[in-house]
Amino acid sequence: MSDRTIFARSSGPGPSAIAVIRVSGPGAAGAARALAGKCPPPRRATVRTIVDPVTGVMLDQAVLIFFPGPASATGEDILEIH
């Protein structure tokens, strides 16, 4: 495991109806709080309003799913943004 938090597109390349961004590492829950006000309950798809953490301006609505480590695919905290 790493002490770094990374993010990457998880959905396939090219256009798609829904893109998935995965945030992995110790800052995943903090990213959820910064973007959506609070972290969703573990392993529960939750619709949240996404805001710019600096300005507070609404950006979009998304489905967030939080997988706390070590019981996740990578052993780290993971946040998926759909």
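Just so it is clear, the structure is predicted and the values come from calculations on it, not from any experiment.
- Closest approach of S24 and I78 over heavy atoms only: OG-CG1, 4.0 Å.
- Annotation for I50 and A62: closest pair CG1-CB, 3.8 Å, computed over non-hydrogen atoms.
- Residues A34 and P53 share a closest heavy-atom pair of O-CB, 3.7 Å.
- Put simply, I21 and L59 are part of the same group of oily side chains (I, L, V, M, F, W, Y) that touch within less than 4.5 Å, one to the next.
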For a quick test of your reading: what N or O donor-acceptor pairs under 3.5 Å do the side chains of residues 63-71 make, sequence neighbours left out?
none

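- Separation of atoms CG (L79) and CG (L35) is listed at 7.5 Å; rounding is to 0.5 Å.
- Listed by first and then second residue, the salt bridge (charged side-chain N to carboxylate O under 4.0 Å, His left out) pairs involving residues 54-70 amount to none (not counting sequence neighbours).
- Listed by first then second residue, pairs satisfying salt bridge (charged side-chain N to carboxylate O under 4.0 Å, His left out) with a partner in residues 16-38 read R22-E80, not counting sequence neighbours.
- Taken to the nearest 0.5 Å, the NE2 atom of H82 stands 11.0 Å off from the OG1 atom of T46.
- Residue T49 comes nearest to M58 through the heavy atom pair CG2-CG, 3.5 Å, listed as atom of the first residue, atom of the second, then distance.
- Side-chain N or O atoms of S11 include none that pairs as donor or acceptor with a backbone N or O of A19 at under 3.5 Å.
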